[in-house]
Engineer: 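Starting off with a structure, shown below.
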Amino acid sequence: MASYSSSSLSRLSTLQNHISPLEANNKLRSLVKISPQVSDAISNGRAVVALESTIISHGMPYPQNLQTAKEVESIVRENGAVPATIAILNGVPCIGLNEEELERLASLGKSVQKTAGRDIPHVVATRANGATTVSATLFFASMVGIQVFVTGGIGGVHRHANHTMDISSDLTALGRTPIAVISAGVKSILDIPKTLEYLETQEVYVAAYKSDEFPAFFTEKSGCKAPSRVDSPEDYANMKLNRKAGILFAVPIPKQHSAAGNLIESATQRALTEAREQNVTGNAETPFLLARVNELTGGTSLAANIALVKNNALIGSQIAVALSQLV
Ligand code: PSU
Ligand code: MN
C-alpha cells in the first residue's frame, strides 16, 4: 500500500486532484529536468532516441545493467543520435541521465520503484526514485517531443489474461502516443497472438524489420505473421509519424544470438509454472520471470538480451537520423 506524508500528499494532489488534467500536466512538465545535450538536440531538430530505465533496474542484474546502459548510449551516439535515458530521481523526472545518475539507478536495482504510467504521480509526489517502463517513458518522451524510443521488449497481454486481466499499460500507452518504439517483439512469457490483437485494437501500427514474421524477443520467429514488413530505416522514416497512435517496429534478434532460443523457451515454461505456484502476479510478474529465466539458463538469456538491445539501438538510431532528415 502506498502511504504519504502530508507534504507529499499535497504534492500529489497538486499533480492529480484539485486542478484540471491540463494544469496537472503543465505542473508535471515544470518539474521535468532535461539534460543540456538532449535539450540542445531537441531544439535543433537533431535525432534523439529515448531509452527506458526499468530494463536497467529490473530487467538486468548489476553490473551488467550499467555496462549495457552505457554501451547502448554509445551505440546511439556513434550512429548520429543523442540518447535520452528517462528515469525519475528523487521525484524529478529526468530526460537524459549523466554518468553519476546512470550509475545510481543501476546500482539501486530493484529497490527503485518500477514506474508505469499510472505510478508517475505517486513516485513524483513521494520524491522517490522511479525506473520508467515503456508506458511511463512514452509519456515523458512525448512531453518533450522525442519521436523514437528504443527498448528490448515491451509488455503485452499476459498468458491467462482471460482470467487475470493482466494486460500491460505499454499497449494502451502506445495506442495514444505517436512515437516509434523499436523492440525485438515481445517475449514468449506473454501471449503473443493476443498481444498483436490488442495492438490492433489500440490502432498501433506494427511492422517487422526485414521479416514477414513478428519476432519473439529471444527468437526470430513467433509463429505469428507480422501485420506488415519494412526493409530499411529510411522506408520506415518515410511513413512519418503523423498519426495519433504509436508504431511498434519489431527487429528480430540477430541470428548468431538466437541459437539458444529453445533452451530459453523451456526455462520460460518452468518460470511461468513457478510464478503461478508462488502466486507472483501484477507488476511483479515480468521482473520475476526475467530474473528466473536468466538463472535457469545460466546467463544465456541475459547475453542474448544484451545483444538484441544493442542491435535495436543501432536500428533505432538510424531511424531517428532518417526521421530528422525528413523535411
Ligand atoms: N520485457 C522485457 N524486459 C523488460 C520489460 C519487459 O523483456 O525490462 C519491462 C519494460 O520496462 C516494460 C515492462 O515496459 O517490463 C512491462 O511490465 P508489465 O508487464 O508489468 O507491464
Ligand atoms: Mn501487468
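Order of listing sets the numbers, starting from 1, for every ligand and every atom in it. Any value given below was found using the heavy atoms of this structure, including those in side chains, with hydrogens, waters and symmetry copies removed. All of these numbers come straight from a predicted model, not from anything done at the bench.
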Engineer: Which atoms of ligand 1 sit under 4.0 Å from any heavy atom of Thr133?
Structural biologist: 11 (O), 14 (O)
Engineer: I'd like to know whether Lys210 forms a salt bridge (Lys or Arg N to Asp or Glu O under 4.0 Å) with Asp231, so could you lay out the CA-CA distance, the side-chain angles of the two residues, the decisive distance to 0.1 Å, and finally the verdict.
Structural biologist: CA-CA 5 Å; Lys210 293 186 180 168; Asp231 285 283; over 6 Å; no
Engineer: Applying the salt bridge (Lys or Arg N to Asp or Glu O under 4.0 Å) criterion to Lys310, which one of Glu73, Glu78, Glu71 satisfies it?
Structural biologist: Glu71
Engineer: Going by the order shown, which atoms of ligand 1 are within less than 4.0 Å of some heavy atom of Lys187?
Structural biologist: 2 (C), 3 (N), 7 (O)
Engineer: Considering only the protein, which heavy-atom contact is closest to atom 9 (C) of ligand 1, and what is its distance?
Structural biologist: Thr54 CG2, 4.2 Å
Engineer: Taking 2.8 Å as the distance threshold, tell me the number of protein N/O/S atoms next to the Mn ion (ligand 2).
Structural biologist: 1
Engineer: Which bit of His58 is near ligand 1, meaning a heavy atom under 4.0 Å away: side chain, backbone, both or neither?
Structural biologist: neither
Engineer: For ligand 1, which atoms, with element, lie under 4.0 Å from some heavy atom of Glu52?
Structural biologist: 10 (C), 11 (O)
Engineer: Side chain, backbone, both or neither: which part of Thr286 has a heavy atom under 4.0 Å from ligand 1?
Structural biologist: side chain
Engineer: For Thr54 and Thr132, indicate whether the former's side chain and the latter's backbone hold a donor-acceptor pair under 3.5 Å.
Structural biologist: yes
Engineer: Considering non-hydrogen atoms only, spot the tightest contact between Gly153 and Glu52 and give its length.
Structural biologist: O-OE2, 4.4 Å
Engineer: Checking a contact table here: which protein heavy atom is nearest atom 12 (C) of ligand 1, and how many Å away?
Structural biologist: Asp170 OD2, 3.3 Å
Engineer: Among protein heavy atoms, which lies nearest atom 1 (N) of ligand 1, and at what distance?
Structural biologist: Gly153 O, 3.5 Å
Engineer: Whether the side chain of Asn44 engages the backbone of Ala41 through a donor-acceptor N/O pair (distance < 3.5 Å, no angle test) should be reported.
Structural biologist: no
Engineer: Glu103 and Tyr62: side-chain hydrogen bond (donor to acceptor under 3.5 Å, both in side chains), yes or no, with the steps?
Structural biologist: CA-CA 10 Å; Glu103 166 90 49; Tyr62 184 81; 3.0 Å; yes
Engineer: Against ligand 1, does His158 come closer than 4.0 Å with any heavy atom?
Structural biologist: yes
Engineer: For Phe217, counting its heavy atoms only, list the atoms of ligand 1 lying under 4.0 Å from any of them.
Structural biologist: 7 (O)
Engineer: May I ask you to decide whether Glu197 forms a salt bridge with Lys194, counting only side-chain N to carboxylate O separations under 4.0 Å?
Structural biologist: no
Engineer: In Å, rounded to the nearest 0.5 Å, how long is the span from CG of Asn312 to CZ of Phe249?
Structural biologist: 10.0 Å
Engineer: Ignoring hydrogens, what is the shortest heavy-atom contact between Ile34 and Val144? Give both atom names and the distance.
Structural biologist: CD1-CG1, 3.6 Å
Engineer: Checking contacts here: is it the side chain or the backbone of Leu290 that comes within 4.0 Å of ligand 1, counting heavy atoms only? Could be both or neither.
Structural biologist: side chain
Engineer: Under 4.0 Å, heavy atoms only, figure out whether ligand 1 is touched by the backbone of Lys114, its side chain, both or neither.
Structural biologist: side chain
Engineer: Against heavy atoms of Val134, which atoms of ligand 1 measure under 4.0 Å?
Structural biologist: 11 (O), 14 (O)
Engineer: Taking atom types as modelled, is there a side-chain donor on Gln202 or Thr172 under 3.5 Å from an acceptor on the other?
Structural biologist: no
Engineer: Please state which protein non-hydrogen atom is closest to atom 21 (O) of ligand 1 and give its distance, to 0.1 Å?
Structural biologist: Ser168 OG, 2.7 Å
Engineer: Give the atoms of ligand 1, by number and element, whose distance to some non-hydrogen atom of Ile55 is under 4.0 Å.
Structural biologist: 8 (O)
Engineer: Taking NZ, NE, NH1 and NH2 as the nitrogens, is one of them in Lys255 or Glu220 under 4.0 Å from a carboxylate oxygen of the other?
Structural biologist: yes
Engineer: Tell me yes or no: between the side chains of Glu23 and Ser20, is some donor less than 3.5 Å from an acceptor?
Structural biologist: yes
Engineer: Please determine whether a side-chain nitrogen of the Lys or Arg among Glu101 and Lys33 lies less than 4.0 Å from a carboxylate oxygen of the Asp or Glu.
Structural biologist: yes
